[in-house]
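Values below: every heavy atom of this structure, side chains too, minus hydrogens, waters and symmetry copies. What you see is a predicted model; the values in this text were computed from it and never measured. Naming: A, B, ... by sequence-line order, numbering from 1 per chain.
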Amino acid sequence: MTVRLADLTAADIAAERMRFPHMFSHSASQRLRQWLGWTIVAGLTLYCLYRFDFVSLGFLHGVSKFAAVVVAQLFPPTGFDNLPMFIKVMGETIAMAFIGTLLGAAFAFPLSFLASKNMTRSRPVQFGTRRFADLLRSFDYLIWALIFVRALGLGPLAGIMAIAIVETGTFIKLYSEAIENLDRKQIDGVTAAGGNGLQTIRFGVLPQVLPMMLSNTLYMFEHNVRSASILGIVGAGGIGFLLADRLRAYELQEACLIIMVLVVAVYAIDYLSKTLRERLIGDHRRREPVDDAVQV
Amino acid sequence: MANAAPRGLAARFASEYAAHRRRKRVYATLFGAVFVVCVVAAAITAKFDVIKLVDGLPRTSEFLLKLVPPIGMSSFANDVREWYWDIGKWMGSLLNTLLMAYLATVLGTFIGGFLSFFAARNLAGHYLIYWTTRRLLEIARTVPDIVWALMFVIAFGIGPLAGILAITVHTIGAQGKLFAEVNENISPLPIDGIRAAGGSWWQEIRFAVLPQVMPNYLSYTFWRMELNVRSATIVGFVGAGGIGHDLFTSVQLLYFADAGAILLIIVATIMLIDVLSESFRHSAIGKASFAH
């Protein structure tokens, strides 16, 4: 049956609207709820704009100052004499991220088995390990760095430990999720052939989860290069120290060069890690580990 | 005689399997060697010093212990009250932090969401628009938010305004990219429908695109809110407002018990926000997939 638009009359449409009201619009209560939701969002936004002085001369003054002082003075970048030093410090930053990620992965690997429902029979142990991981993750890298700078002194070691601690939490979560998603049959196979606990893990579990784990680890390494680049702001090593120093001294053009080095390095690492991850898990359309701790 | 062919096959299998194993072992050894070289090089570059670390660990635990003042069983309420002596100010900072994150999320989501239509290959119209928007969004999110905060503090002075703007810029970059990816994955059929019925570009966006992408947008926005609360707790380290400012000063002034009290407030808040955001995502979005 074909319906031609020209044959439809207003009465037909009205009749259809009576028969299938939900096809034409949401119900009144649904619309009310949506309207109410948007009103609350808008109201709270207006209140915040007012509370934080967005509607003031000071704000306009700040905007003009940002345009005139900050943006205009960033370009052109200068300090190319220091470029080799910047690149060297960027290398140190990447090394910090690498060692920190590695330590985190090493701490998290055994704990992630404890945190998996299908590997640990004791519910309190499994639940406790998970919450411990949440606790480690819930402080930002910079907060841990602040703590470790006090304890270990200024320098990259504090930054490495900050990354290692946060990553322990993140990896326990990511790894245990990978372990929980594995296929039971291979484990049963190894057990049926008379394998003991360790052999079950080695031949039943690891072949299934290792690619996913490696891919997650690489992804977090990529992410941690970004994190490591700001830890220097609290004195925990890396290029962030130089950047904050130049910005605070109003040497914006040199800061611009440092930001450029940082952006190029981040892109290079992203590209490398993406290529490696695609080779590791094959299907490049596979979902990124969109984790609560991962900042995009 | 009858077994000759299978025996030949078995021998071929054995030799090919052995070759395969050998090849794998060579790769594994090579990969392992490269990896070890990387680790050693990185450890040297980053001046990773195990002795210094082991020396520092007792100091770390000492420091962590100092974060909590002695709390006796008999005088529990009093001790806790004394520990949280400045609770009024800290709660004010916490409220500021949450509102900073909220405002930055809303502003960043709206601006980033608007830009995402120009950053989606199927909606941008012209390649030049697509390319420029993509690069702008990339710059906005590749520069860390705390670096934006340092720059905004120069222009706007010390205070929450600089922090909000910094987180907003980062949110624009992140949401713009994520939303653009959602936009690129929509079905083109409704757009064709609106276009065939004579709709304008705006009507295409409103009636064909938004209904398809809204669940994913909302889900990403809740998630971004969660991340922005974390960011808002640290931008205070460079003077951009929020509870991070209180934490930073108390650590700098060696008021460790204060720092501990603030850390506890932060961890409780973050965990609460995590739980709330997750339940919101599940209830409000329902079956909306997080895949992109």
key: Asp140(A) side chain reached by Phe237(B) side chain, heavy atoms, under 4.5 Å   = no
ask   = Does atom OH of Tyr255(B) have more than 12 heavy-atom neighbours from other groups under 6.0 Å away?
value = no
inquiry  = Are there over 12 heavy-atom neighbours, none belonging to Phe63(B), within less than 6.0 Å of that residue's CZ?
reply    = yes
query = Relative to chain B, which segment of Tyr267(A) carries a heavy atom at a distance below 4.5 Å: side chain, backbone, both, or neither?
reply = side chain
inquiry  = Quick check on Leu152(A) against chain B: is it the side chain, the backbone, both or neither that has a heavy atom closer than 4.5 Å?
reply    = both
remark   = If one checks every heavy atom of Ile147(A) against chain B at 4.5 Å, the contacting part turns out to be both
query = Of all of Val234(A), Val41(A), Thr93(A), which one pairs up most often with chain B through heavy atoms under 4.5 Å apart?
reply = Val41(A)
task = Could you tell me which of Asp270(A), Val266(A), Leu49(A) has the largest number of non-hydrogen atom pairs under 4.5 Å with chain B?
result = Leu49(A)
message = Ring centroids only, cut at 6.0 angstrom: are Phe156(B) and Phe59(A) within range, meaning strictly under it?
response = yes
message = So which residue, Thr269(B), Thr233(B), Ile146(B), ends up with the most heavy-atom pairs under 4.5 Å with chain A?
response = Ile146(B)
ask   = Is it the backbone or the side chain of Leu53(B) that comes under 4.5 Å from a heavy atom of chain A, or both, or neither?
value = both
key: Any residue meeting salt bridge (charged side-chain N to carboxylate O under 4.0 Å, His left out) with Asp55(B), in chain and number order, not counting sequence neighbours   = none
message = Is it the case that atom CG in Leu57(A) sees more than 12 heavy atoms from other parts of the structure closer than 6.0 Å?
response = no
request  = Could you tell me whether the side chain of Tyr102(B) and the main chain of Leu44(A) form a donor-acceptor pair under 3.5 Å?
outcome  = no
task = Please flag which part of Leu142(A) lies under 4.5 Å from any non-hydrogen atom of chain B: side chain, backbone, both or neither.
result = both
query = What part of Val106(B) gets closer than 4.5 Å to chain A, counting heavy atoms only: side chain, backbone, both or neither?
reply = side chain
ask   = If you take all heavy atoms of Arg226(A) and Thr142(B), which pair is closest and at what distance?
value = NH1-CA, 4.4 Å
request  = Examine whether an atom of Ser229(A) lies under 4.5 Å from a heavy atom of chain B, and if so say whether it belongs to the side chain, the backbone or both; otherwise answer neither.
outcome  = side chain
key: Closest-packed option against chain A by number of heavy-atom pairs under 4.5 Å, given Val147(B), Val153(B), Asp49(B)   = Val147(B)
message = Return the CZ to CD1 distance between Arg248(A) and Ile154(B), rounded to the nearest 0.5 Å.
response = 10.0 Å
request  = Using a 4.5 Å cut-off on heavy atoms from C-beta on, say whether the side chain of Asn96(B) contacts that of Arg51(A).
outcome  = yes
request  = Could you give me the CA-CA distance, side-chain angles and deciding distance for Phe35(B) and Leu102(A), then say whether side chain to side chain contact (heavy atoms under 4.5 Å, CB included) is met?
outcome  = CA-CA 11 Å; Phe35(B) 182 72; Leu102(A) 209 63; 3.5 Å; yes
note = The interface call for Ala244(A) against chain B, heavy-atom contacts under 4.5 Å, is both
request  = Would you mind checking which part of Val149(A) comes under 4.5 Å of any heavy atom in chain B, side chain (CB onward), backbone (N, CA, C, O), both or neither?
outcome  = neither
task = Determine, step by step, whether Ile233(A) and Leu150(B) satisfy the side chain to side chain contact (heavy atoms under 4.5 Å, CB included) criterion, reporting the C-alpha distance in whole Å, the side-chain angles of both residues, the deciding distance to 0.1 Å, and the verdict.
result = CA-CA 10 Å; Ile233(A) 289 174; Leu150(B) 277 165; 4.0 Å; yes
ask   = Got a second to check how far Ser138(A)'s OG is from Asp274(B)'s CG, nearest 0.5 Å?
value = 8.0 Å
remark   = All heavy atoms of Leu161(B) vs all of Phe54(A), minimum pair found to be CD1-CE1, 3.3 Å
remark   = Separation between CD1 (Ile234(B)) and CD1 (Ile230(A)), nearest 0.5 Å, reads 5.0 Å
request  = Write down the atom of Thr45(B), the atom of Glu92(A), and the distance for their closest heavy-atom approach.
outcome  = O-CG, 3.6 Å
ask   = Counting heavy atoms not belonging to Leu253(B), are there more than 12 under 6.0 Å from its CG?
value = yes
task = Starting at CZ of Phe139(A), measure out to CG of Leu247(B) and round the result to the nearest 0.5 Å.
result = 9.0 Å
request  = Name the region of Ile44(B), side chain, backbone, both or neither, that has any atom closer than 4.5 Å to a heavy atom of chain A.
outcome  = neither
task = Would you name the heavy atoms of Met151(B) and Leu247(A) that are closest together and state the gap between them?
result = CG-CD2, 3.9 Å
query = Between CZ of Arg131(A) and CE of Met271(B), what distance do you get to the nearest 0.5 Å?
reply = 7.0 Å
query = Hey, does Arg150(A) have a side-chain heavy atom less than 4.5 Å from the side chain of Leu254(B)?
reply = yes
query = If contact means a heavy atom pair closer than 4.5 Å, which residues of residues 251-264 of chain A contact chain B?
reply = Leu252(A), Ile259(A), Leu262(A), Val263(A)
key: Engaged part of Gln252(B) at the chain A interface, taking heavy atoms whose separation is under 4.5 Å   = both
task = First locate atom CG of Leu98(B), then atom SG of Cys48(A), and finally report the distance between them rounded to the nearest 0.5 Å.
result = 10.0 Å
key: chain B contact via Ile143(A) - side chain, backbone, both or neither, heavy atoms under 4.5 Å   = both
request  = Give the member of Pro156(A), Ala151(A), Ala97(A), Gly159(A) that has the highest number of heavy-atom pairs under 4.5 Å with chain B.
outcome  = Ala151(A)
request  = Taking atom CZ of Phe241(A) as the centre, report whether more than 12 heavy atoms of other residues, nucleotides or ligands fall under 6.0 Å from it.
outcome  = no
request  = Assess whether side chain to side chain contact (heavy atoms under 4.5 Å, CB included) is satisfied between Lys47(B) and Leu157(A), documenting all intermediate values.
outcome  = CA-CA 7 Å; Lys47(B) 304 177 190 94; Leu157(A) 193 60; over 6 Å; no
request  = Look at the rings of Phe152(B) and Phe66(A) and say which category their plane angle falls in: under 30° parallel, 30 to 60° tilted, over 60° perpendicular.
outcome  = parallel
query = Tell me, do Leu165(B) and Phe52(A) make a side-chain contact under 4.5 Å, heavy atoms counted?
reply = no
